[in-house]
Number of protein chains: 2
Amino acid sequence: MVTIKQIADMCGVSRGTVDRVLNQRGNVKPEKSRLIMEMAKKLNYKPNPAGKALVSRRNRPVVGILLPAKGISFFDEVIMAMRLSEKKYGLFGLKSEWRIMDGYDVGKLCAIMDELKPSVNALILNPINDERVRRKIDQFIDDGIFVVAVNNDIEGVKAHQYVGSDYFNGGQTAAALLKMFCPAGAKIGITIGSRSVLGHKQREQGFRALLKGDDRFSVLMTEEDRDDDIYAFERTTAMLKAHPEISAMFLAASGGAYGVCRAIISQKRDQDITVIAFDTIPAIVEMMQKGVVNAAIYQHPRQQGEKAMQIVFDYLVNGIKPDHDLHIMKNDIRILQNV
Amino acid sequence: MVTIKQIADMCGVSRGTVDRVLNQRGNVKPEKSRLIMEMAKKLNYKPNPAGKALVSRRNRPVVGILLPAKGISFFDEVIMAMRLSEKKYGLFGLKSEWRIMDGYDVGKLCAIMDELKPSVNALILNPINDERVRRKIDQFIDDGIFVVAVNNDIEGVKAHQYVGSDYFNGGQTAAALLKMFCPAGAKIGITIGSRSVLGHKQREQGFRALLKGDDRFSVLMTEEDRDDDIYAFERTTAMLKAHPEISAMFLAASGGAYGVCRAIISQKRDQDITVIAFDTIPAIVEMMQKGVVNAAIYQHPRQQGEKAMQIVFDYLVNGIKPDHDLHIMKNDIRILQNV
DNA sequence: TTGTAAGCGTTATCAA
DNA sequence: TTGATAACGCTTACAA
């Protein structure tokens with residue numbers, strides 16, 4: 001491992017000069033600059049992140065964490081993982097500013113962003129897909145704040161990172177699994193949080209796309225449950241009454257899943273309806289144990305939290321830029337035995 | 001974040017003294033020692049790993065990597081992940097000594113261990129379950145070399161780390177999945193690498209345990225394929241001829257899986273036999289695409305490689321001891337859509 | 001028994 | 001335009 005000092009010695013200059021060249025701070029004679037660059041390349045110089053980490057303490061690196069997540073079970077695990085990472089990276093001097101919001105209020109989200117802005121060098125957030133949020137994110141990026149979108153991406157903003165899953169593929173995977181569980185075919189009911197949530201819509205699209213052209217399978221209806229268990233219970237009950245021929249359910253969002261399952265039970269359909277859900281939140285694990293939910297697509301919430309924090313840490317503390325912008329988790333399949 | 005210097009100042013001693021106390025190097029007056037310990041606890045002192053990492057370069061930390069893995073597809077991904085980690089951690093000065101073995105020869109393994117011993121501070125290995133290997137590992141541990149077993153654990157040795165999966169649970173998960181695919185029941189054939197490989201045996205046990213008591217399912221026979229495709233092809237062909245009533249196959253090891261699948265195809269049973277396999281190596285993905293393999297249990301080879309390297313890095317370079325000894329990956333389920 | 005000083009690799013400040 | 005120096009937090013050899 002070659003160091004700045006070694007390059008300096010070999011080029012007959014001081015460490016300061018080498019540093020200026022490597023970090024393009026200017027104020028170096030072009031010929032020396034060229035010599036140093038070549039030497040660095042020849043010796044395959046890579047900065048030691050430990051050295052950078054030590055120095056980075058002087059900038060007091062701070063990451064803001066902004067999640068509209070209160071009461072959303074899925075985020076409990078994301079947050080837990082982030083808390084662990086916070087502890088780990090805190091040892092290096094990385095500080096975190098947490099803001100867990102209750103509900104998806106765009107105005108409130110923007111206000112909190114404004115509040116965080118002066119005190120953070122990076123921001124991890126679960127963005128709402130709204131023009132005002134987009135503009136706010138662009139401001140952050142323009143001001144050199146490193147932005148990581150987690151769980152939901154937001155399109156049309158400048159360079160940022162996304163950590164999350166491929167929703168369309170999640171729906172496809174669920175559909176393919178359903179076909180394996182019900183080789184004879186099925187009449188399917190879908191519940192979804194809201195079509196205005198991009199991810200939910202994409203899951204439904206993926207699901208339908210995979211079934212398309214196979215006439216053993218038909219989707220009878222899709223119901224929005226607003227991520228609310230009570231509402232989900234009512235709507236699902238109505239759905240099952242209107243369509244008693246339903247033999248499978250696809251729960252494309254975990255928010256109202258508990259209500260959906262309770263409706264299936266109360267209609268005494270829990271033994272004959274095949275249910276595929278998303279996320280292994282406690283309510284869904286409970287319904288797996290009861291035999292109501294057959295399988296769940298797992299979005300690796302812990303990995304999402306870890307990855308988001310790690311990207312920020314590497315950037316802020318170790319001075320390492322991520323080598324790609326998209327960090328997509330697999331849609332794994334969980335059943336009772338491997339939950 | 002409190003530093004050694006701050007503790008030293010508050011206790012009216014020098015950094016050296018604080019260091020001696022915190023790292024129990026002795027040669028400190030008991031009363032001062034007590035004072036320093038209390039202060040450190042009170043201020044919740046945690047050493048900055050970046051400082052440690054920098055210092056660690058003076059010990060030239062080296063990890064040995066010893067895998068009897070040549071030609072075993074599963075390990076290709078483990079190794080790829082380790083290579084990436086090698087690059088990442090190499091920036092901090094961690095060096096790696098690789099030894100990829102061809103086959104499972106105990107004598108050769110021990111010889112390579114002896115050869116590595118003088119030059120490494122840590123060893124990652126896929127151990128063979130043999131008394132001589134056990135003794136050799138104990139020697140390493142006695143001499144202060146940090147040992148990480150990967151993919152296969154070895155029992156009866158001193159304190160070490162294990163990174164791998166829960167084989168029994170893998171078998172259970174496969175069986176539960178099979179039950180969902182074949183609700184009407186199935187006559188099952190099992191192939192396994194070798195019963196003398198602990199993991200393979202445990203998978204078979206887990207598989208059988210979950211089916212036990214359900215008389216819709218019966219295991220007709222288990223065949224060992226020696227992780228050899230040709231042999232697997234022959235044995236499976238014979239199996240399918242002897243038991244044409246077989247309607248499901250459980251491939252408990254990926255070594256000979258390609259041969260097994262080819263036998264299923266050549267017997268023209270690929271459309272009516274449900275196949276559950278292990279690992280998503282290229283041969284199995286190919287067989288998924290052909291519709292032969294329905295699902296595979298995924299052992300997270302990449303995560304295994306990363307984790308093993310990370311544990312060594314944290315220990316050797318950052319001076320962080322792992323907080324547990326067992327690092328168990330989930331047995332996830334993969335089908336064609338999420339492979 | 002204790003303190004001092006040097007060094008790990010990087011960056012920043014200041015003086016030349 | 002450049003070099004010297006100090007600093008980040010930790011360890012360690014050596015001197016006191």
Side-chain angles (χ1 to χ4, degrees), chain A residues 1-36 40 43-61 89-95 314-320, chain B residues 1-36 40 43-61 89-95 121 314 316-320:
Chain A
M1 279 288 73
V2 54
T3 70
I4 282 191
K5 185 166 159 28
Q6 286 166 8
I7 294 180
D9 290 346
M10 303 203 62
C11 293
V13 297
S14 75
R15 296 203 296 276
T17 306
V18 176
D19 181 66
R20 261 166 310 211
V21 172
L22 294 178
N23 295 299
Q24 15 220 356
R25 286 189 240 286
N27 292 329
V28 178
K29 250 200 242 168
E31 53 202 86
K32 278 198 180 173
S33 175
R34 223 173 307 116
L35 173 67
I36 290 169
L43 300 181
N44 190 26
Y45 170 76
K46 296 275 188 303
N48 184 327
K52 291 206 182 220
L54 226 35
V55 173
S56 85
R57 294 203 47 157
R58 297 199 280 221
N59 323 334
R60 305 204 149 278
Y89 297 136
L91 301 180
F92 292 83
L94 178 63
K95 293 242 184 308
D314 279 342
Y315 182 79
L316 245 37
V317 178
N318 283 338
I320 298 174
Chain B
M1 279 289 74
V2 54
T3 70
I4 282 192
K5 185 168 158 29
Q6 286 165 6
I7 294 180
D9 290 347
M10 303 203 62
C11 293
V13 297
S14 76
R15 298 205 293 278
T17 306
V18 175
D19 181 68
R20 262 168 308 215
V21 172
L22 294 178
N23 295 299
Q24 19 220 353
R25 285 189 240 287
N27 292 329
V28 179
K29 246 199 245 168
E31 52 202 89
K32 279 199 179 172
S33 175
R34 224 173 304 117
L35 174 68
I36 291 169
L43 300 180
N44 189 27
Y45 169 77
K46 295 274 191 298
N48 184 327
K52 292 208 182 217
L54 229 32
V55 173
S56 85
R57 291 205 47 157
R58 295 199 282 219
N59 321 333
R60 304 204 150 279
Y89 297 136
L91 302 180
F92 292 83
L94 179 63
K95 295 242 184 310
N121 319 85
D314 279 343
L316 243 38
V317 179
N318 282 338
I320 297 174

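These numbers were taken from a predicted model, which means no experiment stands behind them.
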List the atom pairs, donor and acceptor, that lie under 3.5 Å between side-chain atoms in residues 3-12 of chain A and the rest of the protein, sequence neighbours left out.
residue	atom	partner	partner atom	Å
A:T3	OG1	A:K5	N	3.4
A:T3	OG1	A:Q6	N	3.3
A:Q6	OE1	A:T3	N	3.3

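- For the residue pair A:I320 and A:P49, the shortest heavy atom distance occurs at CD1-CG, 4.1 Å.
- Legend: residues meeting ring-ring contact (aromatic ring centres under 6.0 Å, His included) with A:Y45, ordered by chain and number and at least two apart, are absent.
- Side-chain contact between B:L35 and B:K32 is absent, with no heavy-atom pair separated by less than 4.5 Å.
- Inter-residue side-chain proximity for B:V13 and B:V18 is flagged as met; some heavy-atom pair is nearer than 4.5 Å.
- Taking A:K46 as the reference, nothing meets the salt bridge (charged side-chain N to carboxylate O under 4.0 Å, His left out) condition, with sequence neighbours excluded.
- Of the residues in residues 28-36 of chain B, none has a non-hydrogen atom less than 4.0 angstrom from any atom of DNA chain D.
- Note on the helix from C:dT1-D:dA16 to C:dA16-D:dT1: angle between the axes of the first and last five pairs equals 60°, rounded to 10 degrees.
- Scanning DNA chain C 5' to 3' for nucleotides with an atom closer than 4.0 angstrom to a non-hydrogen atom of chain B gives a first and last hit of C:dT1 to C:dG9.
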For a quick test of your reading: what N or O donor-acceptor pairs under 3.5 Å do the side chains of residues 50-60 of chain B make, sequence neighbours left out?
residue	atom	partner	partner atom	Å
B:S56	OG	B:A53	O	2.9

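- Nearest heavy-atom pair across A:V2 and A:L43 is CG1-O, 3.4 Å.
- Contacts of B:R15 classified as side chain to side chain donor-acceptor pair (under 3.5 Å), with partners at least two apart in sequence or in another chain: none.
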B/S/- contact track for nucleotides 8-16 of chain D, protein heavy atom under 4.0 Å: BBBBB----
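- Every residue meeting the side chain to side chain donor-acceptor pair (under 3.5 Å) condition with A:N23, not counting sequence neighbours, appears here in chain and number order: A:D19.
- The CE atom of B:M1 sits 11.5 Å away from atom CG of A:L94, with the distance rounded to the nearest 0.5 Å.
- Contact of the B:F92 side chain with the A:N318 side chain is registered, since non-hydrogen atoms from C-beta on lie closer than 4.5 Å.
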